[in-house]
Each structure stands twice: as structure tokens, then as C-alpha cells.
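As C-alpha cells, the structure follows; a few thoughts come after it.
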Amino acid sequence: MNKLLSPAQTEVLFMGNEAIARGALEAGVSVVSGYPGTPSSEVIERLSDVARERKLYVEWSTNEKVALEVAAAASFAGLRSMCVMKQNGVNVASDFLLHLASSGTRGGIVLVECEDPGALSSVNEGESRYFARMLEIPLLEPASLQEAKDLTQWAFELSEKIRNVVILRSVTRMSHASGNVICGKLPEKFRSAEFVSDGSFMDPLKGPVVSTPVVVKHDLQQKKLQIAAELFEKSPFNDYSGPKRPELLIITSSACFLYSKEALEMLGLQKRVGILKLSCTWPLPVKLLKKYLRLTDKIMVVEEVLPFLEENIKVAAMGMLKETGIKTFYGKMDKTLPSVGELNPDIVAAALSKLMKVKRKLLPAGYMREIQKIAPLIPLREQTFCPGCPHRASFWNINTALKLDGRDGIVCGDIGCYAMASLWPAIGFHTVRTLHSMGSGTGLASGFAKLEAFGLDKPVMAVCGDSTFYHAVIPALINAHHNKADMTFIVLDNAGTAMTGFQPHPGIHESAIGEPLPSVEIAAICQAIGAKVAISDPFDLEATSRILTDFMAERGSLKVLIMKQPCALSPEKKGKKQYQMKINEELCLGESCGCNRLCTRIFRCPALNWDRTKKKAAIDEVICAGCGVCYSICPQKAIIRTEADG
Amino acid sequence: MKMLLSNDPTNVIITGVGGQGNVMASRVLAGMLVNAGFIVTIGETFGMSQRGGSVMSHLRVSSTSVLSPQIPQGRADIVIALEPVEALRVLVKYGNPHVAVLTNSRMVYPMGVITGEFNYPTLDEVKTMFEKISAKNWIIDATSVAVDLGNPVLSNIVMIGALASTSLLPIGRRAFEKEITKSIPAGKREINLKAFDAGAKML
């Protein structure tokens, strides 16, 4: 049995995202949609696995805005629905979210957004909690694995009670943490969908679902928020633990609650410092806050990333100065805690240790000296493309074409594993020079291509992945063609949303639950836009570089090259070698070749080693993926490939 | 009857290079401990951070409480490494005079070592360093055993087998068998049991 379907009262090891998924099941969710993005993807993946048993409709949508629209339709028809995305996905969905929050909803609808403090798997440290305040939507933040499940379930109740969307915010250390969770009951009845819309404009359950008349609906929306605030005042999810008269009160949410608890334990401060854990963080439960602000004069707010709670608590405290007295606040704004990056127990303990004037127990000095001697001897391990990764070959092709062209062309990057080509030398040369949000590389290239009149006359390229293409590139591409941008647009088509775990996208013939679907061809879209389109296999270095060189020579129009080769980690390729690779040590001339060790310094495949004793290239057979590309780069033809059997 | 931990919580770090099966090893180990009645909290990093980089799972085992998914610095009790310098990388941050370390001897060279920018210590040097900053250490060639069993990625399970033999944690073959019956497809269970047994014999 799938553990997501464990019977009530059983204790299961759930990842945060699994706990969220289970919470949604216990709430009787019917429709789940989203766009993949670390650390959020597992919520939908796990629900796809049980879609049949639980009669769910699960969809990987083209982007987050569409995903939210799909989920909202289900809510309008009286079903419970959930939409899942990573932090910056909320930006994409936000225009619809503004209008959705204004029109109101019917069946419980929860927007789950998983943030990535410290950008462990992102190119931003975006905060989406401010959307809750800005768009006037209730916000919940689970502070333990058990709460990730329980709070998700309650989020649906809340949404249905106030007839509006609710945001549930997680972070990497919650979504990707695992722990014991006690399961609740799965509902036995399933809802059916009905969309009634012929009632009066002001009837929330029978009228048309619209955000007009705006001022009236806005007023109604604020009243809903007021109801949520009142429920938050009594919610068991907000909880104080600590002494009756603490010297310092920590107010915290999410994973930071666990860090704070740990930090108190590390410093032995449990009897001197109290923790008010808030899991209902917008609107703030002001009366509850007043009760605990009275306990002490010193308040420390512990949260990631921006001082959202801190700001809101300070504003609330200003309004009740007479009752609570003047407080001193510590947090991000006074730099007691760092204002960027993720927190952890050590960082919280360091801040507490200063504030409370207690010292953390140190390791013996002799041990620390040994550590200090050893640390510099550990070689750095920088991220790089995997053995057999098509991106390594693709960027090799792009770099070769640009070098041959000789005009120092510009390559605009996008979001995916291929972003590594811009962030650090994952390969031995730099190609990608810009990196922003999904689809932006193409828009930027469209802009760079128009700067010739101002003296910037260089070839312009943009790269994007296949999933990114559908998500946000198409408008930029239409813009480029329509405005006659002289550029080469390259799709690094590795047959799936590879970075986040091979979720299907509109180019794949399969749904989230593995059912056949029609696919939408990238080449056909590009042709319909009016671009000249070519397709190549990036592992075929000669043919691919030739197309790129030709495209750069053809001035004044949009050219599209689709480089097709599945990801080395894709289920169909993983563990299967096309070629057996070997070094002919007689042919390898080592340092005296004159190639500057092209294979190991420039190409940089982790499976292509340098034997320091023999001073020759060497293959690490255990990690070699057998793609065979290195065969094509050795000027001495010392890298031999033979078809692998089976 | 619930088994007891010599330290509560016991802090375990499993480390390696992306693609070595780190996450699976931590899930299997955690599952075994949850089945035995413990409260386990795991902190992991994956996603893009696993592409060729160092990866780490923090496992915190307790009879009583839920803990932070990140282990504080200097507080690891057990370090299990699928790659030798990754063991060192974890030890210099999370080690203390009482820490025990079990590592696979198979090196995966970082890019900077392949290009020649950095040096990679020899296995003897690694062993000497372990002796200076840990209470106990074991170095085993789990990858070769896994390759002989037909797939290098089984080295993670070989390591779990070896861990069971250290008696550092209350886990054994039956607990492993029970866990993989839940979490691994039937066709792959036998080879995983073989890997576990092979690992258990290495110490």
C-alpha cells in the first residue's frame, strides 16, 4: 500500500511535502494542479501516485498562473482544490491571485507555496508571504511535520468558511525534512462538481464569480480576513511554550520554530526564554499577541527570509502600546539575525547567546586546532553537469560556434540545470551571461538584438529548456520575431522537467498520472511564429556547430535550433550506457599534446579523470554514463568508444 | 520493547556526492528506526544541489522529541560517508571528539582535482585525519562490493549493512528486511538484501 494512504492513527515517516499531500487527502481534495519547482514538487508527485484510489484530478500545468486558474475552477464548482508551486511561482500566478481573492471562492482552495531560503535550489531568495498581506489573503505556516499535515487539512476548512483562497507557506527545511506523522482519517465520500452562476451578483454561492463591483467585493474580502483573524486568535496552531515570566520572548514561525527550540536547548535557556510559535501569520492574531507581549519587554523575532513577522508585529505593538508597554525588538531589522540566507540552530543560538549573555559550550581547543589544520586540505566540490549530461555537449557546441564567429557573442540564460553554465565554471568556459526568471533569457535576447543601432553589434543567443519553453518563452519569442530581432534561440530539449525530477510538460505524451495526452510540438510553435527552425542532436558536435555557425551568418531574423537529447538521469537512460569508453594511453600525449588537456580542463566531465602518475586521461567507469561525446573532442583520437552490449 | 539509544538524540549524518544514493540510504535507515519506535527527524538537501555537488542528510533519532532538521555544528554522533573527502567535509563542521565515522573508500574526484587546481588526499592521509578528529573510524570499499553485485549504486546499502555491524544504532538485518518490504519494489529486494549482508560482513 502507498504510505500516503496509511490508515488513521498510524505513525508514518513523511517528508514535509508528503505531509502536506496527506493533509489535502484528509481534507477531501479533488483537484490538484501546479508547476514543478524545488522544494515544492513532491506534493503533486505523491498525489499523482494515489490519484486513482482517491479519485483525484492531478495536473502539471503549463505554468503557475494557469495552474491556479485550473484549481480555482474546481473551487467555483464546489470541489476542494489545491495549487502547488515554489516561491517565485507565486509571482507568476499573482495577477490571477489578486482577482481570485477579490471574487472569492466556493469549495476550499489552498495555494501551497514552498520557499527556498538560502536559495539551495533556486536563483532567488524570494519571499511570498508579502503577497498574503498585499492581496489580503490568510496565511498559514506549519512549524513541524505533523503540523504540515494538520494545518493543510485545516486550511481547506478555513478557505471554505470564509469563501476565499488560503495560502500555506512551507520552506525547503520543512518540505524536504522528514519525520513521524500520525495520520488522520481519509474521507469516505467524494464530492461532485456543480457550477451555479445564474444568481445575483452579490450571491457568493449562486452568482457569477467576478471581482466586480470592485469596492463592494473588496469590502467583503476584508470582512473575510477579519473572520480569519478571529479564528486565528483561538487556533491551537498558535502556541506558547516556556516560563510564565520569560526574560525574552521569541516569536517565530515555520522551520525557525524548530531552530529556536534547539537553540534554547543548546544554551540551556529553556527556563529563561519563552517561544510564541505562530502558525497563523497573516492576519496576525492581535489579541493573542497582546497577551504574550505583556509577559516581557524583550522580544526577538526569528524568521526567514525577510522581516515579515517582525514588521507586522511591530505595527501591531504600536497599536497597543498603552496595554503592553514599550518593547525592545530584536530580529533582522537591527541585525541581531542575518537579513539574508537561511537560518539554522547555530545562527539562532549565536544571536541568543549575545542577547542573554550566555556562552555556548565549545569543543576542546586541541580538537579545534586539528579541525583547523584539516579543513584547508579538503578539496572544494563545485557543482557540475552530470556525466552524460546533454547540456555539457550543448554548451560545447555553442562555445565552439561563438569562438569560430569571433565576435564575442552574447548568450542569455534561463532557469534549469543549464543555469550552471552561468553561475560558476561547471564547464571550462563561460557562455551564458545573463540569468533571471523563467523565459527572461529570450526576452533579454530580443532586447540585446535591437541594440545594434547603439553600437552593440554581436551575435545574440538565448537558451531555454523544454519545460521553460512552454512556461514563459512563447510571448518573448513572438516579440522577437515580430520585432525582427536578429538572434538565435536554442531549446535545450532534454525530454522532461529534468531538474525537478522529470515531471511531464506539454511536450510529453503523458499526464501527471501516466495517462496518454496529445503533445504540443516546440518546432511547430516556432514555425507558426515564423522563425526558421532546425533540430539537432547536441551529441553530434559537427552537425550542431555547423547549424549554429550558419544561423549566426544569417542576419536580421529569428532562428531557432532545438537540441534534442534526453537527460542522462532520465528513467529511459539511467544506468544504460550507449558506449563503453576507454583511453588509448599510447595515443594520449598528456600535457605535451598542446591541447591544454581539453578533455579534463575544458570539457570537464566528472567521469573523465586525470591520472596524475601516468599523466594521461583516464575513464572512471563507475560514473561514466557512456554518452560517447568525449570521443569527439580529443584531437589525438585517444578516447575510444565502442558500442556497449545490451 | 523499545530499544535504547546510547545518546538521545543520536545525530547521524549521511554524506556523499549527488547520485550516490544518499537520499535513499537516509530514508531506509530512518524507516528502520521509525519501525523500531523511534522519533526520527531528517533534514535533506536535494534538487539542483545534487548535480555533482556534495550532499548531506541529517538524521536525528530520539525516543522522546521532534528536533530541528539541521544538526548543530559539532554535534554529530555518527558520520556515514559514501565518499572519503565528503566524510572529512562533514567532520570538520559537525565532528567532535566522540564522533564515529564509517566511510566508503571509493573516491569521486571533484572537478577542481581533475583540472589540477586542488589536491585530493591519499586514503592513508584520510585515515590519519580520521584518527585525529574522530573516536572510531572504519574505511571500507563498498563500491567494489556493489560493482560485484552488479550495480555501483548499491554501495549505499552495503554501507547500511556495515553500519548495522558497528552496533552504533539499534538496527539489524530483520529491521532492514522489514523496511525494504515496505519501501522497495519486490524485484529489487533480494539484491538489496545481498548488498546489506555483504556490507555487514565487511566489519
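Protein chains get the first letters and strands the later ones, always in sequence-line order, with residue 1 at the start of each.
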With chain A, the option among B/Gly31, B/Gly43, B/Pro72, B/Ser57 that has the most non-hydrogen atom pairs under 4.5 Å is B/Pro72
Classify the side-chain pair A/Thr172/A/Asp116 by whether it contains a donor and acceptor separated by less than 3.5 Å.
-> yes
For each of B/His58, B/Gln73, B/Arg60, B/Glu117, tally heavy-atom pairs with chain A at distances under 4.5 Å, and name the one with the top tally.
-> B/Gln73
With only heavy atoms counted, which part of A/Cys605 is less than 4.5 Å from chain B, the side chain, the backbone, both or neither?
-> backbone
Side chain, backbone, both or neither of B/Val108 within contact of chain A (heavy atoms, under 4.5 Å) = both
Most chain B-contacting option - heavy-atom pairs closer than 4.5 Å, from A/Leu377, A/Leu380, A/Leu608, A/Asn344 = A/Leu380
Structural part of B/Val40 lying under 4.5 Å from a heavy atom of chain A = both
Looking at A/Ala177, A/Pro379, A/Gly179, A/Pro345, which makes the most heavy-atom pairs under 4.5 Å with chain B?
-> A/Pro379
May I ask you to name which of A/Leu145, A/Asp611, A/Ile623, A/Asp620 has the most heavy-atom pairs under 4.5 Å with chain B?
-> A/Asp620
Charged N to carboxylate O under 4.0 angstrom, A/Lys261 versus A/Glu265?
-> no
Proximity breakdown for A/Thr600 and chain B, heavy-atom pairs closer than 4.5 Å = both
Backbone of B/Asn22 reached by a side-chain donor or acceptor of B/Asn156 within 3.5 Å | no
Do you know which of B/Ala146, B/Ser65, B/Gly74, B/Gly95 has the most heavy-atom pairs under 4.5 Å to chain A?
-> B/Gly95
Measuring heavy-atom distances to chain B, does A/Arg369 have an atom under 4.5 Å in its side chain, in its backbone, in both, or in neither?
-> neither
Measure A/Ile347 against the heavy atoms of chain B and call it side chain, backbone, both or neither at under 4.5 Å.
-> neither
Should B/Arg75 and B/Asn11 be marked as a side chain to side chain donor-acceptor pair (under 3.5 Å) after you check the CA-CA gap, both sets of side-chain angles, and the distance that decides it?
-> CA-CA 7 Å; B/Arg75 294 240 179 152; B/Asn11 293 328; over 6 Å; no
Return the option, out of B/Val34, B/Val126, B/Thr143, with the maximum number of heavy-atom pairs under 4.5 Å with chain A.
-> B/Val34
Looking only at A/Asn180, A/Asn609, A/Val622, most heavy-atom pairs under 4.5 Å shared with chain B are made by A/Asn180
Starting from the C-alpha separation in whole Å, work towards a yes-or-no answer on side chain to side chain donor-acceptor pair (under 3.5 Å) for B/Asn7 and B/Thr10.
-> CA-CA 5 Å; B/Asn7 288 321; B/Thr10 298; 5.1 Å; no
Identify which part of A/Gln372 has an atom lying under 4.5 Å from any heavy atom of chain B, answering side chain, backbone, both or neither.
-> neither
State whether the side chain of A/Thr497 and the backbone N or O of A/Gln503 hold a donor-acceptor pair below 3.5 Å, judged by distance alone.
-> yes
Exam field: side chain B/Asn151 to backbone B/Val153, donor-acceptor pair closer than 3.5 Å = yes
Can you say whether A/Pro364 sits under 4.5 Å from chain B via the side chain, the backbone, both, or neither, judging by heavy atoms?
-> side chain
Check against side-chain contact (heavy atoms from CB on, under 4.5 Å), B/Ser62 and B/Phe38 = CA-CA 6 Å; B/Ser62 170; B/Phe38 294 107; over 6 Å; no
Applying a strict 4.5 Å limit to non-hydrogen atoms, the region of A/Leu363 in contact with chain B is side chain
Do you know the tightest heavy-atom contact between B/Met129 and A/Ile374?
-> SD-CG2, 3.5 Å
Close contacts, residues 178-202 of chain B versus chain A, judged by heavy atoms under 4.5 Å | none
Is the shortest side-chain N to carboxylate O distance from A/Arg597 to A/Glu591 below 4.0 Å?
-> yes
Contact winner vs chain A - B/Pro152, B/Pro121, B/Gly112, B/Pro97, heavy-atom pairs under 4.5 Å | B/Pro97
Name the region of B/Leu59, side chain, backbone, both or neither, that has any atom closer than 4.5 Å to a heavy atom of chain A.
-> neither
Think A/Arg604 forms a cation-pi with A/Phe385, using NZ or CZ under 6.0 Å from the six-ring centre and within 45 degrees of its axis?
-> no
Side chain from CB out, backbone as N, CA, C, O: work out which of these in A/Asp346 comes under 4.5 Å of a heavy atom of chain B, or both, or neither.
-> side chain
